[in-house]
Number of protein chains: 2
Amino acid sequence: MRHGDRRSLTGRGATAPRPTIKDIAARCGVHPSTVSRALSPAMKHLVAADVAERIQAEANALGYRLNMAAKGLRTGRSGLIGVLAPDIADPGFPPVLSGLAEHLNAEGYATIVVDVGTGGSQQDLVDSLIARGVDGLVLATVRLHDDVVAHSVGASTPVVLVNRVDAAGELPSAASDDAAGMRLAVDHLVALGHRRIGHVAGPQEISTGARRRAGFEASIADSGLSLGDAPIEAATAYTRAAGREAGLRLLGRKARPTAIVAANDLLALGVYDALAASGLTCPADVSVVGHNDMPFVDLVSPPLTTVRIAQREMGATAARLLLARIRSPDAANEHVVLQPELIIRASTARPRS
Amino acid sequence: MRHGDRRSLTGRGATAPRPTIKDIAARCGVHPSTVSRALSPAMKHLVAADVAERIQAEANALGYRLNMAAKGLRTGRSGLIGVLAPDIADPGFPPVLSGLAEHLNAEGYATIVVDVGTGGSQQDLVDSLIARGVDGLVLATVRLHDDVVAHSVGASTPVVLVNRVDAAGELPSAASDDAAGMRLAVDHLVALGHRRIGHVAGPQEISTGARRRAGFEASIADSGLSLGDAPIEAATAYTRAAGREAGLRLLGRKARPTAIVAANDLLALGVYDALAASGLTCPADVSVVGHNDMPFVDLVSPPLTTVRIAQREMGATAARLLLARIRSPDAANEHVVLQPELIIRASTARPRS
DNA sequence: ATCTCTCGTGCAATCGATTGCAATCCTCGG
DNA sequence: CCGAGGATTGCAATCGATTGCACGAGAGAT
């Protein structure tokens with residue numbers, strides 16, 4: 001066995017086909033089915049210990065790797081999980097993905113991440129993932145009223161939502177407590193003495209946009225402030241540019257707010273741009289609060305006060321929900337809500353005078 | 001046919017199996033092979049137009065989706081590309097991935113991205129991707145002298161490198177011109193009047209770290225400055241914390257440099273931390289230049305002067321190289337080098353007095 | 001010594017799609 | 001009116017692994 005452990009060097013040329021279970025069987029003088037059993041942890045007890053060992057050794061020597069496509073075809077499970085992301089380049093998403101992948105990998109699943117921006121319609125992407133035989137789907141892209149939800153509910157593939165939810169709550173989800181986050185932000189500003197607080201809302205067809213807006217309004221009301229002193233401008237997208245536009249509209253109002261709560265850090269950065277364009281400074285003229293605590297918002301100028309959401313945990317939770325769904329497809333829908341945390345930095349201060 | 005186009009509503013319960021080519025064949029009264037041909041653009045000319053149309057219609061009605069696992073098993077091609085990433089959460093990586101995925105998706109490939117941090121060894125990850133039957137591999141993780149390179153060269157799967165290269169150049173690669181980038185940075189500082197320029201180098205076992213360091217030294221020499229006035233400290237990793245440590249060491253030298261070129265934006269931000277910890281300000285006391293132009297470094301304080309590398313293009317190029325490799329596995333190794341660009345912001349200024 | 005019972009292994013079908021080859025039908029030319 | 005040739009379609013093997021079933025041998029009981 002002097003070549004037994006030189007796996008990477010056993011000289012299979014560039015064109016040598018990968019060894020199959022049959023090759024091992026032939027070399028060991030046993031039937032392929034025996035090899036299959038010996039190599040499967042779950043079935044290993046069915047084969048004699050010495051034979052199993054011999055097979056195992058030969059498999060290593062040949063550098064054998066199980067063909068997942070064949071296994072998947074036979075068993076109907078691919079070990080693949082599809083993930084639909086709004087935009088991989090959005091810095092808010094990677095932590096979620098990371099938490100998701102870590103959990104899923106630990107269970108032997110690989111993830112296929114598809115950026116919705118680049119492809120066709122969401123439905124087609126879902127279908128193509130299903131065609132690939134994914135055992136489950138994670139959607140980070142759904143809008144509040146989204147056809148893809150109905151499409152998914154009918155499908156035979158387990159689906160969970162992450163970060164966003166659908167209006168009817170028809171699919172399991174892992175998301176942050178948006179209302180609680182807004183309350184943290186508003187309470188902080190009120191405690192500082194602000195009385196005219198504006199809101200740059202996110203797209204209203206997305207649950208985070210709608211819920212954070214609702215949470216904002218509720219918090220304002222609960223603080224005894226009038227909604228008349230709480231102007232709201234909705235951004236058309238979660239982008240810095242859209243935040244700038246909405247911010248400019250807010251700052252253009254007759255009674256300019258002394259503080260602005262943005263639905264998202266990207267929007268908050270856009271508000272920074274708007275302030276700069278208006279010749280105003282933060283926090284001296286206007287305080288700003290973001291949402292999500294994206295990487296590096298502690299380094300911008302001024303460091304952004306924001307609501308930190310548990311992104312990794314959100315991903316991990318989504319993974320857990322999905323795995324549960326895969327095991328028992330008919331379990332009740334679970335909607336996990338994670339608690340956010342206020343991170344106070346330098347973009348908020350007492351209002352002037 | 002009143003229910004023909006209500007695909008998502010055709011009432012397949014949660015347990016209904018997906019329709020197969022055989023189901024369509026039965027419904028159309030033809031043989032499965034005919035269905036296969038009718039549904040394959042390449043073989044469609046072999047079947048009568050009217051039959052093909054009938055089959056097509058029935059396929060739509062049933063919501064048929066081809067089973068990629070089965071197809072892959074038969075044809076030996078999975079339509080999957082594996083990507084090994086150093087860390088998805090590193091903000092520098094998503095643009096590369098995005099360029100990569102866009103190109104690959106357009107050609108019908110899906111990408112499986114694996115974060116090396118969370119899993120086992122790189123080799124095992126490569127092997128597990130090969131087990132999944134990937135048609136190609138993109139490595140963004142290789143070190144200069146990396147076993148995985150030999151492992152990959154021997155494998156029957158096409159492999160390309162992105163962002164990083166291996167010392168021997170044994171695998172095709174798409175990367176930025178590191179030397180040119182450093183030259184841009186150094187020339188800019190020299191033009192501003194700096195004479196003592198330090199370098200926070202990246203990990204030297206990674207090509208970007210080593211090449212940028214070499215490029216730095218060459219540029220210094222070409223500028224007629226002495227290397228004695230160009231202190232270098234290597235960071236142990238591409239992280240903000242490591243950049244801070246290296247920055248502190250650099251600032252602690254007897255003849256403190258008036259400018260620091262970092263091998264990476266993350267390291268540059270760490271240098272910001274080091275400056276703050278030393279009670280120095282940027283750019284008044286020390287100018288700083290980064291590398292990569294990560295998202296939002298224009299918003300930090302002060303906005304970072306940095307070398308912008310063509311990340312999306314790098315990803316797109318890697319995709320192109322890989323597709324070429326898949327088509328003709330024996331083509332010569334191509335090493336594409338992309339030109340960087342200097343983005344001047346506010347972290348660089350004339351040296352004091 | 002015979003009968004069970006268990007353990008280990010082989011056999012063969014199966015998953016869904018593809019494809020070389022064979023068979024059939026039709027048409028057109030001679 | 002027959003045969004050649006083209007156009008369609010059916011047949012069956014195949015990809016690699018899994019698994020229910022059956023067969024055989026050996027151990028233990030009576």
Side-chain angles (χ1 to χ4, degrees), chain A residues 16-56 58-59 62-80 108 130-135 156, chain B residues 16-56 58-59 62-80 108 130-135 156:
Chain A
R18 273 169 51 203
T20 73
I21 223 171
K22 243 187 249 175
D23 300 323
I24 300 179
R27 269 185 182 56
C28 290
V30 298
H31 195 271
S33 63
T34 304
V35 176
S36 172
R37 285 189 267 254
L39 263 26
S40 155
M43 293 291 153
K44 189 163 183 175
H45 67 276
L46 290 175
V47 28
D50 58 331
V51 178
E53 200 165 339
R54 198 149 45 86
I55 291 175
Q56 189 61 259
E58 192 66 31
L62 260 52
Y64 170 77
R65 292 248 110 200
L66 147 65
N67 183 325
M68 293 297 261
K71 173 185 179 134
L73 179 58
R74 178 62 225 258
T75 61
R77 343 185 67 266
S78 63
L80 252 29
I130 290 180
R132 281 222 138 77
V134 294
D135 296 335
S156 47
Chain B
R18 272 168 54 200
T20 74
I21 223 171
K22 241 186 252 177
D23 299 324
I24 300 178
R27 270 186 182 56
C28 290
V30 298
H31 195 271
S33 63
T34 304
V35 176
S36 172
R37 286 189 267 255
L39 261 27
S40 155
M43 294 291 155
K44 189 162 182 174
H45 68 276
L46 290 174
V47 25
D50 58 331
V51 179
E53 200 164 341
R54 198 150 43 88
I55 291 175
Q56 189 62 259
E58 193 65 32
L62 259 51
Y64 170 77
R65 292 250 109 200
L66 147 65
N67 181 326
M68 294 297 264
K71 174 186 181 137
L73 180 58
R74 179 62 224 256
T75 62
R77 340 185 68 265
S78 63
L80 251 30
I130 290 180
R132 281 223 139 76
V134 294
D135 295 335
S156 48

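Numbered from 1 within each chain, the chains take letters A, B, ... in sequence-line order. Since we're looking at a predicted model, the values are computed, not measured.
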**Asked** Less than 3.5 Å between a donor and an acceptor, one on the side chain of Ser33(B) and one on the base of dC11(D), is that the case here?
**Response**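 Answer yes: a donor N or O sits under 3.5 Å from an acceptor.
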
Given atom [atom1] of [X] and atom [atom2] of [N], what is their separation to the nearest angstrom?
X: Ile21(A); N: dT19(D); atom1: CD1; atom2: C1'; result: 12 Å
X: Asp23(B); N: dA17(C); atom1: CG; atom2: C1'; result: 13 Å
X: Ile55(B); N: dA17(C); atom1: CD1; atom2: P; result: 13 Å
X: Met43(B); N: dA7(D); atom1: CE; atom2: P; result: 16 Å
X: Leu73(A); N: dG16(D); atom1: CG; atom2: C1'; result: 9 Å
X: Leu39(B); N: dT19(C); atom1: CG; atom2: P; result: 13 Å
X: His31(B); N: dA17(C); atom1: NE2; atom2: P; result: 13 Å
X: Met68(A); N: dC15(D); atom1: CE; atom2: C1'; result: 17 Å

With respect to the side chain of [X], which nucleotide from [options] is positioned closest?
X: Arg37(A); options: dT9(C), dT19(C), dA17(D); result: dT9(C)
X: Ser36(B); options: dA17(C), dG16(C), dA17(D); result: dA17(C)
X: Lys71(B); options: dC11(C), dA17(C), dT19(C); result: dA17(C)
X: Ala48(B); options: dG16(D), dT9(D), dA17(C); result: dT9(D)

If you measure from [atom1] on [X] to [atom2] on [Y], what distance do you get to the nearest 0.5 Å?
X: Asn67(B); Y: Ile21(B); atom1: CG; atom2: CD1; answer: 10.0 Å
X: Glu58(B); Y: Leu39(B); atom1: CD; atom2: CG; answer: 11.5 Å
X: Ser36(A); Y: Ile55(A); atom1: OG; atom2: CD1; answer: 9.5 Å

**Message:** Using a heavy-atom cut-off of 4.0 Å across all strands, would you classify Leu46(A) as base, sugar-phosphate, or nothing?
**Reply:**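 Base, at least one base heavy atom under 4.0 Å.
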
**Request:** Determine the contact category for Val35(B): base if any of its heavy atoms lies under 4.0 Å from a base atom, sugar-phosphate if only primed atoms, P, OP1 or OP2 are that close, otherwise nothing.
**Result:**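 Nothing: the residue Val35(B), judged by heavy atoms under 4.0 Å, touches no strand.
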
**Request:** Ignoring hydrogens and angles, tell me if any N or O in the side chain of Arg132(A) forms a donor-acceptor pair with the backbone of Gly79(B) under 3.5 Å.
**Result:**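 Yes.
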
**Prompt:** Closer to the 5' end of DNA chain D via nearest nucleotide, is it Thr75(A) or Val47(B)?
**Reply:**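 Nearest-nucleotide comparison on DNA chain D picks Val47(B).
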
**Message:** Less than 4.0 angstrom between a side-chain N/O of Thr34(B) and OP1 or OP2 of dG10(D), yes or no?
**Reply:**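 For dG10(D), OP1 or OP2 has a side-chain N or O of Thr34(B) closer than 4.0 Å.
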
**Prompt:** Do you know which two heavy atoms are closest between Asp135(A) and Ser78(A), and how far apart they sit?
**Reply:**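 It is OD1-N, 3.0 Å.
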
